[in-house]
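Each chain gets a letter, A, B and so on, in the order the sequences are listed, and its residues count up from 1.
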Amino acid sequence: MTTIGAVSDSLLYLNGVSVSFDGFRAINDLSLVLAPGEMRAVIGPNGAGKTTMMDIITGKTRPDTGEVIFRADTDLTKLDEPAIAALGIGRKFQKPTVFEVHNVWDNLLLALAGDRRPRFTMWARETGEERDRIDEILATIRLSDLRHTRSGDLSHGQKQWLEIGMLLAQEPQLLLVDEPVAGMTDSETAQTAELLVEINKTRSVVVVEHDMDFVRALGVRVTVLHEGSVLSEGSIDHVSEDPRVVEVYLGR
Amino acid sequence: MGWGSDPEGDVMVSIHRLLAVLLVSLPLLATSPARADDAPDPFIGLASQNFDIVANAISALAVSGHPQAAATIAAIEADNLYVDAAGDGAPLILIKQGDSYIDARTGQKASDINEDDVDSVRVNNAVRRAIEAAKGGLDLFAADADTRQKAAEKVFTSHDPAALPLLARAIAAEKDAGAKRAMQQAQAASLLAGDGGSDAERVAAVAILRLRGDVEAKSLLQSLHDQSKPVAAAIAAATSSLARIEQLWSVLQSVFYGISLGSVLLLAAAGLAITFGVMGVINMAHGEMVMLGAYTTFMVQEVIRTHAPGLFGASLFIAVPLAFLVSGIAGILIERCMIRFLYGRPLETLLASWGLSLILQQGVRSIFGSSNREVGTPEWMSGAVQWGGLVITWNRLTIIVFAVIVIAALMAVMRGTSLGLRMRAVTQNRRMAAAMGIRTPWIDALTFGLGSGVAGMAGVALSQIDNVSPNLGQGYIIDSFMVVVFGGVGNLWGTVVSAMTLGIVNKFLEPFAGAVLGKIVVLIALILFIQRKPRGMFPLKGRAVEQ
Amino acid sequence: MSRLSTSICIGLVLVGVGLMAILNLSTAAGAPLHVPTYAISLVGKYLSYAILALAVDLVWGYGGILSLGHAAFFALGGYAMGMYLLREIGPRGVYGNALLPDFMVFLNYKALPWYWNGFNHPAFAMAMAVIVPALVALIFGYFAFRSRVSGVYLSIITQALTYALLLAFFRNDMGFGGNNGMTDFKDIFGLPLQADSTRVGLLVATAIALCLCLLVARYVVTSRFGQVLIAVRDSESRTRFLGYRPESYKLFVFVLSAIMAGIGGALYVPQVGIINPGEFSPANSIEAVIWVAVGGRGTLVGAVLGAVLVNAGKTFFTGAFPEFWLFALGFLFILVTLLLPKGVLGLLQKKTGGRV
């Protein structure tokens, strides 16, 4: 295990995390520290363990060993998905997953921070406050005109934005965003980059992405994963000159 | 008892009969003057009009070692023994041979017999039983070692002290090790049953019985009371050791029943392990594929009965491949006409295939009627063998062996053939398999056909132990699904282990809870288990499973 | 599942049942418009089944839980009612025992089993008719949903549950009448069961219960709870990452549904006059699912429609061509799943341009 920076001033702290499936080590002694308010891009070839890392942070997968600590005091490995979501960690999936039979408005309504227990939702009525907040988010994600559209009828890019909007509605401290621009047009990609930068003003973000132009446009610190552990870390220019990174990507 | 295949039940009946006779006649024998050593003429009682005296005389004659004993007893049995009491001395005992008579005592031809003085020796049930028992004693000297050994076993069961001299002579003459051991056990039993012999001899006899180690030895030992101290101590030690052995046998017996039930479950579930486990198709008509197999067996036997009765012993061998074909083709048709439109919609598949199962049941009911159909069991599958304290019936054993063969064949197909390779490729990554030129729709149909065919073969086996009726399959469907899920979906070995576990647990619960309650307990335990470990005992892991 | 179709459905049920009641009670037998009492009980049976169908649609149509054991809750409710009806007989049984029902005297029971206590009070029995199914559903669902058993696995274990109950209720020493179940009821709430007015009263009670269940179910599925439930049905893991606990949503709706099924069963028993372990048979539960599929899954009203249609068909077929009923039912399963995934109501909606 490599020991890294202090837990106390971190938002998210992964130390020596490993997990294997049937003998295959998907994550191998991974360590990563995210400061409060930071945006981090995570890149790496297929199978580097990017999605598994997200699964571990959000409680979908339990690591075999290692620590995952949020806000310096909460051990995430002991919690399940809803508990972690309630702590303020939101996740956007690689494939856009919105509730297709509900319209855009209802999707956001369900995502809004609030009491999630059945005994509350059974009697809940939409409040003016909730309406204002949804209007605000609709404006941010540029879907104000489509509020009554069934979300299953949205275009691919619109679904991606709706999902980001749902993340915002959750009011998380940390957003985990998996390949937000996959399948988007160039202009949509640029708009998404703007959106993330905007979001980062108030929240921390971890973006997993393949698209190097997009990562460059974000202009943030980059972590390169390879075979389940950190290969290199630093600015985009730093990592793209790192010979180990070049070797992994170009297979020299 | 050694290996042998007496017709079922017969052994027990005759042993009981013998035991009853000798227990009744024992006190009489003990006081009768007709004992072998002090009564030179055992024949005299045969002349009596009293059936009990005749019976006792027969017993005495048998143990007397008289050279004419066998012929005389055979003559009584054949109603050929006569008494001529016309003379002054002891009545003549005569064996009728054709038109003339032979003196039973000497074996010489008897002359000057007046037909009017001659009465046949009459026989009633008590006498007949005495004859049976006596023949057992005489068989100790039969030419065939097997017969001698069986005779010794019979004496062991009767453990009549009167047989001791006979046994001593038989043991001295005996060359065959098995027969000799049986005789020595009989001798020990007879010695202990009486009150003769020194303490040392009796302790040695206890040791022989302990070595024999079966239930009969134990119950004999337990029946002995008022023994001298060393003998009583030896008996106490022996019975407790035998009780342990008996317990062990009963555990083994339960294991055997469990494996037998497990094999039935395994056969019923094996096809499902393919269609559900490997393909992920919820086929609620699986039980009806089993039923089709059972009805195929019925049809095969019908044809054989009317056209070639000699082939009946081979009927199951003919039925197995036919049942595989019938159910397999039915499976392919079902996949092509229905299942393939429902891939990726498991709940709809479940409902549609349930509808199909109703149609198949009603179809069979319309054709064959709703009552049970008679499926016969070939000669070679009936009967049982006993091995130590274990009773193994041939049909159960055959089903176990059949299950092993079916599973081995299934594994060989899945792992060793190119069809199996393609099947696994398609189920693991359909698009990749298609890209590599595998005709995936065809493989789907074949895989489904294979699973259904295996279910059909299971039907042949189930026709031997269950009622062949339109509802046959329904009784197995829930159990089969539980077996596959409990073992871990997609894992044939898991299915094997799961079927055996469930079978054995069921059989161990039965003595405490009864069959129905035992089954309920197992079902509830399974429900709880699946709720704890939804992927079964041997889950497949990895990312692919998550989706 | 618009508000309109719910209103139409409630209106039809109440008006239809009201008309039948009036025509039965106010006209003499043989009069041209007379509705015979057997028809009253038959429709009462259909409407009890409709309540069961509604319960199935609530969990399957909205929660994505395909329960193949819902008839078990129906039967549990029915047994609770049956126990009350047996004790109501009192000393008028064949053996004239004031305390023990006939089957217990026959089976040599010396005393009333403890769990039969209280069932002489109708209110207690009615409460048990919903509490027992609710408890079974709560315990079963708690473990099943917490360990994330879902899809066909859940279907299989719900079927195993009803199968286990079937085997248990067949046993004489369970104290529920074994194989023969409970029958030969005489009175309900002091009214003779065979009287026309009682029969009509039961039908009206069933119709009202059905409408109330429909309203409750409609409130639940259109509330925010219902929206979450639908979200759970379509994308369970997404709701989890949003901070919802799908298991508690499923458990709530599962228990609610079991209560409805129990009510249906309790209303069913006095109208058909018998309850036996056959009601637990897995086939019954699956049949209830097909009512929902025929009417239209996830529409509530469709479940009611499907239950009435299929059972009316069953009455017709088993009378006219008994051989063909299972063929018809079997083909119905296949055709609906292959060709009519949205059921009859979906077809109607298409024809009317979605207005119903």
Side-chain angles (χ1 to χ4, degrees), chain B residues 276 280-282 284-285 334 337-338 341-342 345-363 365-366 470-471 474-475 477-482 484-486 489 514-536 546, chain C residues 60 64-66 68-69 139-171 173-174 237 281-283 286-287 289-290 292-293 297 323-339 341:
Chain B
F276 176 51
V281 172
I282 314 295
M284 295 299 278
I334 293 168
C337 301
M338 192 180 89
F341 301 110
L342 295 168
R345 292 158 64 195
L347 301 184
E348 278 85 349
T349 314
L350 192 158
L351 292 179
S353 60
W354 176 265
L356 184 73
S357 83
L358 293 182
I359 294 170
L360 286 173
Q361 279 176 41
Q362 185 59 40
R365 198 172 287 128
S366 300
N471 302 327
Q474 254 194 336
I477 185 74
I478 293 178
D479 288 336
S480 304
F481 270 107
M482 295 305 258
V484 175
V485 174
F486 181 49
V489 167
V516 177
L517 202 58
K519 197 169 162 86
I520 296 171
V521 169
V522 169
L523 269 177
I524 291 173
L526 267 182
I527 291 172
L528 291 177
F529 178 86
I530 290 170
Q531 294 185 338
R532 283 203 70 79
K533 296 186 82 174
R535 293 188 199 289
E546 301 276 315
Chain C
W60 184 38
I65 306 161
L66 177 52
L68 296 185
I139 294 167
F140 179 86
Y142 176 78
F143 288 109
F145 300 135
R146 196 187 52 158
S147 52
R148 301 190 188 174
V149 182
S150 62
V152 291
Y153 292 90
L154 192 80
S155 304
I156 291 168
I157 60 170
T158 51
Q159 195 162 42
L161 173 77
T162 190
Y163 186 50
L165 284 169
L166 170 77
L167 293 176
F169 275 77
F170 261 122
R171 287 164 49 86
D173 40 7
M174 276 286 285
S237 75
S281 92
I286 300 183
E287 228 179 288
V289 171
I290 206 65
V292 177
R297 174 190 172 191
E323 282 267 303
F324 290 98
W325 164 240
L326 281 183
F327 284 129
L329 186 65
F331 277 112
L332 193 63
F333 270 89
I334 296 173
L335 292 180
V336 166
T337 45
L338 283 181
L339 306 176

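Using a 4.5 Å cut-off between heavy atoms, B:Leu347 contacts chain C through both its backbone and its side chain. Only the side chain of C:Trp60 comes within less than 4.5 Å of a heavy atom in chain B; its backbone stays farther off. At a 4.5 Å heavy-atom cutoff, the contact between C:Phe331 and chain B is made by backbone and side-chain atoms alike. Heavy atoms of C:Ala283 lying under 4.5 Å from chain B belong to its backbone as well as its side chain. Both the backbone and the side chain of C:Phe140 come within contact range of chain B, with heavy atoms under 4.5 Å apart. With a 4.5 Å cut-off on non-hydrogen atoms, C:Phe327 touches chain B through its backbone and its side chain both. Of the two parts of B:Ile530, the backbone and the side chain both hold a non-hydrogen atom closer than 4.5 Å to a non-hydrogen atom of chain C. Both the backbone and the side chain of C:Val152 come within contact range of chain B, with heavy atoms under 4.5 Å apart.
Summarising the geometry, atom CD belonging to B:Gln362 is positioned 11.5 Å from atom CH2 belonging to C:Trp325; distances are rounded to the nearest 0.5 Å. Note that CH2 of B:Trp354 is 14.0 Å distant from OG1 of C:Thr337, once rounded to the nearest 0.5 Å. Separating the OG atom in C:Ser155 from the CD1 atom in B:Ile282 is a distance of 8.0 Å, to the nearest 0.5 Å.
Minimum heavy-atom separation, B:Ala352 to C:Ile334: O-CG1, 3.4 Å.
The side-chain heavy atoms of C:Tyr163 and B:Met482, taken from C-beta on, include no pair separated by under 4.5 Å. Two residues are said to be in side-chain contact when any heavy atoms from C-beta on lie closer than 4.5 Å; C:Ile286 and B:Met284 meet this criterion. With a 4.5 Å cut-off on side-chain heavy atoms, B:Arg345 and C:Pro341 count as touching. Proximity of B:Leu523 to C:Leu167: side-chain heavy atoms (C-beta onward) are separated by under 4.5 Å at one or more points.
Counting heavy-atom neighbours within 6.0 Å of B:Phe529 CZ, excluding the residue itself, gives a total above 12.
Here C:Ile139 pairs with C:Phe143 under the side chain to side chain contact (heavy atoms under 4.5 Å, CB included) rule; sequence neighbours left out. With sequence neighbours left out, C:Arg171 forms a side chain to side chain contact (heavy atoms under 4.5 Å, CB included) with B:Val516, B:Leu517, B:Ile520, C:Asp173, C:Met174.
Comparing C:Ile157, C:Val336, C:Leu161 by heavy-atom pairs within less than 4.5 Å of chain B, the highest count is held by C:Ile157.
Under the side-chain contact (heavy atoms from CB on, under 4.5 Å) test applied with C:Phe333, the options B:Ile359, B:Leu356, B:Leu351 reduce to a single match, B:Leu351.
Distance alone, capped at 3.5 Å, places no donor-acceptor pair between the C:Gln159 side chain and the B:Ile478 backbone.
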